[in-house]
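Okay, so here's the structure we're looking at.
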Amino acid sequence: MMVKERKKKQLKTITSWCKGCGICVAFCPVKILAIENDKVQIVNPEKCTSCGLCEMRCPDFAIYLEEQEDETNG
Amino acid sequence: MMVKERKKKQLKTITSWCKGCGICVAFCPVKILAIENDKVQIVNPEKCTSCGLCEMRCPDFAIYLEEQEDETNG
Amino acid sequence: MSEKIEVRLGGSGGQGLILAGIILAEAAILEGKNAIQAQSYGPEARGGASKAEVIISDGEIDFPKVQNADVLLALTQKACDKYLSSLKMNGLLILDDSIDISPTTFENFQVVRIPIIQTATEKLKRVMVANIVALAAIRELTQAVTRESLEAAVLKRVPPGTETLNRQALQEGYQLIQLISDPTH
Amino acid sequence: MSEKIEVRLGGSGGQGLILAGIILAEAAILEGKNAIQAQSYGPEARGGASKAEVIISDGEIDFPKVQNADVLLALTQKACDKYLSSLKMNGLLILDDSIDISPTTFENFQVVRIPIIQTATEKLKRVMVANIVALAAIRELTQAVTRESLEAAVLKRVPPGTETLNRQALQEGYQLIQLISDPTH
Amino acid sequence: MSQGSQLIQDNFRSHRLPHIWCPGCGHGVIMRGVAQAIENLKLDKTKVCVVSGIGCSSRATGYMNFNTLHTTHGRALAFATGVKLARPELEVIVITGDGDCTAIGGNHLIHSARRNIDITTIVFNNKIYGMTGGQSSPATPYHEKGTTAPYGTIDPDFDICKLSTGAGATYVARSTAYHVPQLIKYIQTGIAHKGFAMIEAVSGCPTYYGRKNKKGNAVDLMNYYKENAIDIKMADKLPPEKKEDKFFIGEFTREEKPEYVSEYQKIIDNLQKELTDHE
Amino acid sequence: MSQGSQLIQDNFRSHRLPHIWCPGCGHGVIMRGVAQAIENLKLDKTKVCVVSGIGCSSRATGYMNFNTLHTTHGRALAFATGVKLARPELEVIVITGDGDCTAIGGNHLIHSARRNIDITTIVFNNKIYGMTGGQSSPATPYHEKGTTAPYGTIDPDFDICKLSTGAGATYVARSTAYHVPQLIKYIQTGIAHKGFAMIEAVSGCPTYYGRKNKKGNAVDLMNYYKENAIDIKMADKLPPEKKEDKFFIGEFTREEKPEYVSEYQKIIDNLQKELTDHE
Amino acid sequence: MGERVVKLMQGNEACVEGAIAAGMRFYAGYPITPSTEIAELCAEKLPVLGGKFIQMEDEIAGMAATIGGSLAGLKSMTATSGPGFSLKQENIGYAAMAQIPCVVIDVMRAGPSTGLPTAPSQGDVMQAKWGTHGDHPTIALCPSSVREAYDLTIRCFNLAEKYRTPVFLMMDEIIGHLRERIEIPNSDEYEIFDRLKPKANDPNYKAYEVQRGEIVPRMAAFGDGYPFHVTGLVYDEYGFPKTDTDVAEKLLCHLMNKVSDNADDIITYEEFETDDAELVIIAYGGVARAARQAVKECRKAGMKVGLFRPITLWPFPEKRIHTLTQKTKKILVAEMNLGQYVIPVHRVKMPDSKVFQYGKVNGEAITPEEIIAKVKEAY
Amino acid sequence: MGERVVKLMQGNEACVEGAIAAGMRFYAGYPITPSTEIAELCAEKLPVLGGKFIQMEDEIAGMAATIGGSLAGLKSMTATSGPGFSLKQENIGYAAMAQIPCVVIDVMRAGPSTGLPTAPSQGDVMQAKWGTHGDHPTIALCPSSVREAYDLTIRCFNLAEKYRTPVFLMMDEIIGHLRERIEIPNSDEYEIFDRLKPKANDPNYKAYEVQRGEIVPRMAAFGDGYPFHVTGLVYDEYGFPKTDTDVAEKLLCHLMNKVSDNADDIITYEEFETDDAELVIIAYGGVARAARQAVKECRKAGMKVGLFRPITLWPFPEKRIHTLTQKTKKILVAEMNLGQYVIPVHRVKMPDSKVFQYGKVNGEAITPEEIIAKVKEAY
Ligand SMILES: Cc1ncc(C[n+]2csc(CCOP(=O)(O)OP(=O)(O)O)c2C)c(N)n1
Ligand SMILES: Cc1ncc(C[n+]2csc(CCOP(=O)(O)OP(=O)(O)O)c2C)c(N)n1
Ligand code: SF4
Ligand code: SF4
Ligand code: SF4
Ligand code: SF4
């Protein structure tokens, strides 16, 4: 059996799309998100487990995980 | 238990309503009806058992049983 | 002005008069004439009177409805009563012989009473060809189309397998007229 | 000609500006004036800019839309940017202090920048009464209606149980203006 | 002036008879059944309102001597909803065709069923559009023909009873123009039932359906129903081979649920009670 | 120019974002799910056609980067039927609201289901009319409120899944804006299914439904679905008291039946074969 | 006469209040912007009065149920906007044919199709007259203020009941959504007309016979004891379908004539400064208010401008407009469409008068400035 | 040029044959008398040609599916009669707004409402122009013979494709059910116009941008590789909804102008003996044939009577009618309704010419005699 290595992904937000509904905050299992000034804020980026639940349920596509750019291409 | 006496009823036709479809003829259990010149004819009125099946299924209300008029009122 | 003949066919719903009208018009077209066929029908007409109209002309046909019929065919009493007024003075009235008419009718129109339905039911054993019998009679009396065109038009339209029956119907129709025109017969 | 004042209230969808407009118009009516309230909204406006309009007059109001606003209240930057052009020269511009404007704006209009939203959120702990705070400020600056009518109109419209809160909101609004008009304060 | 049996004289505008339907059309049988049911229930006839759409079947309203409303194609139930809600004392009966009820009128059917409004609907299901000359309808059996389905239909037909039940109807039954006593019984039960009642009455259209599908004449169609309808009560008792190609008649659904017009009346009563309480 | 995750960039007109929906509206979550399903299936995107009616939900077509058709209220399925039949190679997906699909559009729903035409319908069911400001819809739960039902509805709500099955749909499933992985799976299965597929996606309208019915904000609605949806597979395993007031999600119907467009193609092929045979 | 209640009220709301004052007790409809408030208020208010509100599955059903409600004896109404008005057309034709009184409010938004759903327009004015198939009569009124929305809704019911025909209130979104000060008239200030019913147990009652000296057949309600028939087919004086040519002609002419013969009773309009006007603006609904302001400003500037405001859009006030153009040689029709009401104006004007049109369809109201500019061009 | 096939053909059938000749391969509809033969023949013939026929659940769906078929790239058509035409109006407006080519045949029967379902009429002529809400363009043709039913159906498709708009064939029942001798033209005798498609893989394709020198935006089909958007809302050149006032105005004007600017290309009519006419009859469809016969008979009787027969009903041939009335001072409009087409005639006529109308709505065709009688009255 192959074990897939979970690639570390970066959590990104698009402030102009976020409407501050708080869904991502409520359903983040590690509670690293918060609403500030009606917009999502990543409070503890380093604790993110890349579970993707915020991305999956954000009605506005305003928070998502992005593959880390390959260093050699950087 | 009361036994209902079947009152003898008279079989009547309305020729101007009959369209000669033959349904009454086909489903008369004692086969006393016929189509002549596109209209129903009672061939053997005396054999009528007053079952009322012709009346029930005639699409044009053109054949029916009528209570015999009371003689005293005749 | 060009020759024009207006024919009205009247009867009841199931008698195939619209088909007869189509056949007559097609026969005319087969021989290079102009023709139209029109009809009137309605929900009320289901059991009731139905009519078909044919106009045959050598030239243009403007108004496509029969105005003053040159010919009226009536297969039922109802149709006769209803459409008689549209037949022009001295027009040709072709009647099934089951239909009664008043004496004045004979004065106003050329009346031809023939046993169309009886011929179909008794001689040909199929009531449904009464329309073809009637067509043949109309042809004989009006010469509006040739026998050849009429037969060709009939055969184009009738269900496969009934060709012989329909040819016979035409013949019987022709004969009905010959019988009256030849009183010695 | 009769006195007429045209007020436009601009902000974002949920800020209750249409209600504010209604209250202002009702206050005017309470004191025997004529008033209309109009609004524009749209599906696009759901998250976006929303505006309410009030015209108060002693006489007839013909065209029922604000043409050259005498007063513009803006609670958001977007609304300020969008509606500024409709404010007449030298008109009264009431801004929440979160809004930035260009220096020329100060030249063209009478600008009053006050912490409306902050007052509602921090002093009154309820952002939803920002509209009432704003109404109070408008009243103070325009005298379009009396304090009594405004309070009566507010109390008629707000949800039961929130009367005290809304009265306080009015007071805070009045004060915001007194603070600026009394610079010693 | 009036002619015909007592039933006809008492329930029909007999001066308008004979009706326009073709010889042997099942619609006449079913219409008589509706009248018989009304008669049996001893309803106040000035309070009976019969509403129909457009189609051969829908012409029934012109002959029946009640408050009658012949509406637009497919909309009978929507008109009837207005009548019933505005005047709940009326016994509202809808007569409609398979096309009228399930093609253009399908939406009104499912919504009337959903509301469980106290209307009794009788679908004269001849499996074809009769009035317009034999086009296929949503009730035309799979692979059978109509003038607009010259190669046979490829869209399965609705089971009108199942559809009605699925949408919320609380009384649902089917009979045929042959099975008249059952038909009358179901119509009676449907009318007496408080809520939306659907009675599918399988009818015969010899002129189009019979001819197009080589099913013979009026008598043949009657015989077909006689031989192919199985009482739903027998469904479990018969071996599968006896059920093949047959169809079921009988009562399929019968349940009591809150009825729309009465529920509305409760709102009114509550509000009026509140008003008086506040005085 | 394009912004957002790869999924968004590849499937949306991201320059048109953010969309017009309110903060926390479930429609965004479901729309993303539709895109994810399309992505997962690796469909040729130039052959995907998304059709919608009118309503908040129906605005989805304006954002999704496919062949998109935003039609009239209630008629999406009728337009889609034309598109699909005219060009069978297209993968036709309908996005609709509960009002759009089951109120004004109810007839097209039941007929599309009956035909078993190969269209996948996703109903964004927020149980209310969002676009017009919170009127009750045929999916508003019994006794709940809308602006046109100020005293609570008295007409029972449709079970959209049951209605679709009753009308003939061959794939029917339900999920919610909370249960996204299931949702995506059902949409995927629905698209891959040959025949009419109905996926009811329970959505949250915090602005009207939430407010009118005191169900709280977007997060509360999500939590409500989380806690009240039961997988249909568990239906038999749970005691009745655990099922009270809950609703089921899962796949309800899945069967293979002749599909309309293919059946039509058979007619064409047969006719053309006949033609060649006669040559 | 009691004191009038004074309030700020929305146009849509005024329709509901007016309708209730007129005796409306049945509403069936389907929500659509910008008419929805009418349905919402009916839902709230009718049951309090023992009346009925029902949200139907679509507009077609809404129209059908409205007709049903009227036949069952209640004054009935529905409201909608463009797309719904299109859908209702078939059943509107039915009501016209079967002579069922009812009121249809169309709050006009910008079309065609979905268009700009929240923007005002006057694009359905010709549809009101020609939207359904076949020849049929049309009565349509158009309010310019909230108070008039109230009054005209009452009048719609009166006309519907008097002439047994559907009557339209064609209200643009400007007025529908405008909140305005209104003095609500007391009930003794307006007249209410109820349909004439047959005499109780009249054995000679024929459902569709016009009695001598009357305009339309007397109308029993279903359940009143007369088992009459109603159909959308051509029918005779009993209401039964007939195909005879004379029956058809008689019926069709009756339908048209009952309205056209009584045009003077139905038509109302308002004139402002038309007496000596060299240019008359014709404008209705919300636009008439911009026009009125324009007239005032033009007069100030020395231009002799007047306003003719049709309150009854249909039947068309042709006599008056014709006479107007005898004196006034310039007419400017201002409307929020691309030229609808201007068409009949063209038809009836005097040959030597000139008609200009100003149309606007960008989703915004026509302003006084725009009208003044057009007046200056034409003057 | 091969020899033409000569047959007896019905008007309804000729529509189907013409449509197929024009390339129609998709039909969606719902049966209704007297148009049903059109559906029936399409059901039979289309699959033989690899085309598609579908009977929808109602007329609304029929119109919707027709639009869908056109968007998917097939030339699409539907046919109906009055009640169905009323129901289709909402989606007709959609097609006009979204600029989807398609053909709608309305075989006119006597209304209003269900009326006389099998009787001829011309009562939907104004509905064709004003039936849907909001301003919208209208193209409507009207055949007077079976051959013309064939030719005009082809032309309907050509116009629909060229101007990207729904086009109506308004055929009265007289012609629809008339069987007549027809010489079927060979395919090289008529021109077929297909919609302009974007260049293959054009990266700059904007679905709703009109290219320089062209009349309408080029139209890709769904599945052609362009992921474009279609909506009934006001939209920009990409097809995306916009509420900006300038976008709205531009779009609305484009819709109207593409037709009105090209009126000369669209409008056709026939004149008969008008040169020296002192009275011109205006008649269309089946009535024009009675009128033609009437003209001949009048001429025989020494009366200088002519016939103007609009073949394009809409856009209205106003220029020609205007010019006609410069010479001819008497116009008689004969139509099977209570006065519809006479209205625009009134509008465009010279001030000093007189317009008479003869209308008939009893379910029977207007006869030459009746027209002659009217001519005598007016002459
Ligand atoms: C809006 C509209 N569309 C179509 C028609 C034409 N039409 C009349 S009846 C009918 C179908 C009738 O079929 P069904 O309801 O099954 O009744 P049946 O005649 O078979 O009894 C149709 C399509 C119509 N009158 N109105
Ligand atoms: C013919 C027609 N009737 C009514 C409307 C108004 N309308 C627009 S969307 C809508 C309902 C939307 O509800 P739903 O489909 O549930 O979608 P949601 O907005 O809740 O997502 C209505 C009634 C319309 N646009 N067209
Ligand atoms: S779920 Fe999306 S829109 Fe909501 S707060 Fe989080 S990022 Fe913002
Ligand atoms: S069933 Fe009726 S219509 Fe048919 S033949 Fe017998 S009597 Fe005549
Ligand atoms: S066509 Fe069919 S349904 Fe209609 S009356 Fe005749 S037999 Fe009956
Ligand atoms: S109104 Fe409701 S459905 Fe519409 S966008 Fe807002 S939350 Fe979503």
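Interatomic distance, CG of F:Leu221 versus SG of A:Cys21, reported as 11.0 Å (0.5 Å rounding). From F:Arg32, atom CZ reaches atom SG of A:Cys58 across 8.5 Å, with rounding to the nearest 0.5 Å. Here the OG atom belonging to F:Ser5 is positioned 11.0 Å from the CD atom belonging to A:Glu67, to the nearest 0.5 angstrom. Distance check, rounded to the nearest 0.5 Å: CG of A:Asp60 to CE of F:Met31 gives 8.5 Å.
When heavy atoms are compared at a cutoff of 4.5 Å, F:Leu17 approaches chain A by way of both its backbone and its side chain. Of the two parts of F:Asn223, the backbone and the side chain both hold a non-hydrogen atom closer than 4.5 Å to a non-hydrogen atom of chain A. Residue contact with chain F, scored on non-hydrogen atoms closer than 4.5 Å, involves the side chain of A:Ile14 exclusively.
Between the side chain of A:Lys19 and the main chain of F:Trp21, a donor-acceptor pair closer than 3.5 Å is present.
In terms of heavy atoms, A:Met56 sits closest to F:Val180 at CG-CG1, 3.3 Å.
When the side-chain contact (heavy atoms from CB on, under 4.5 Å) test is applied to F:Ala201, the partners found at least two apart in sequence or on another chain are F:Ile30, F:Ile122, F:Leu183. Annotation: side-chain contact (heavy atoms from CB on, under 4.5 Å) contacts of A:Val43 (sequence neighbours excluded): A:Ala34.
Geometrically, A:Arg57 engages F:Tyr178 in a cation-pi contact, judged by NZ or CZ lying under 6.0 Å from the ring centre and within 45° of the ring axis.
Enclosure of atom CG in A:Asp38 is not indicated, since only 12 or fewer non-hydrogen atoms of other residues, nucleotides or ligands lie within 6.0 angstrom. Under a cut-off of 6.0 angstrom, the local environment of NZ in A:Lys47 is sparse, with at most 12 non-hydrogen atoms contributed by other residues, nucleotides or ligands. Within a 6.0 Å sphere centred on NZ of F:Lys233, heavy atoms belonging to other residues, nucleotides or ligands number 12 at most.
Under the 30°/60° scheme for interplanar angles, the aromatic rings of F:His19 and A:Phe61 are found to stand perpendicular.
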task = For the pair A:Tyr64 and F:Leu7, evaluate side chain to side chain contact (heavy atoms under 4.5 Å, CB included) and give the outcome as yes or no after the intermediate values.
result = CA-CA 10 Å; A:Tyr64 63 99; F:Leu7 177 75; over 6 Å; no
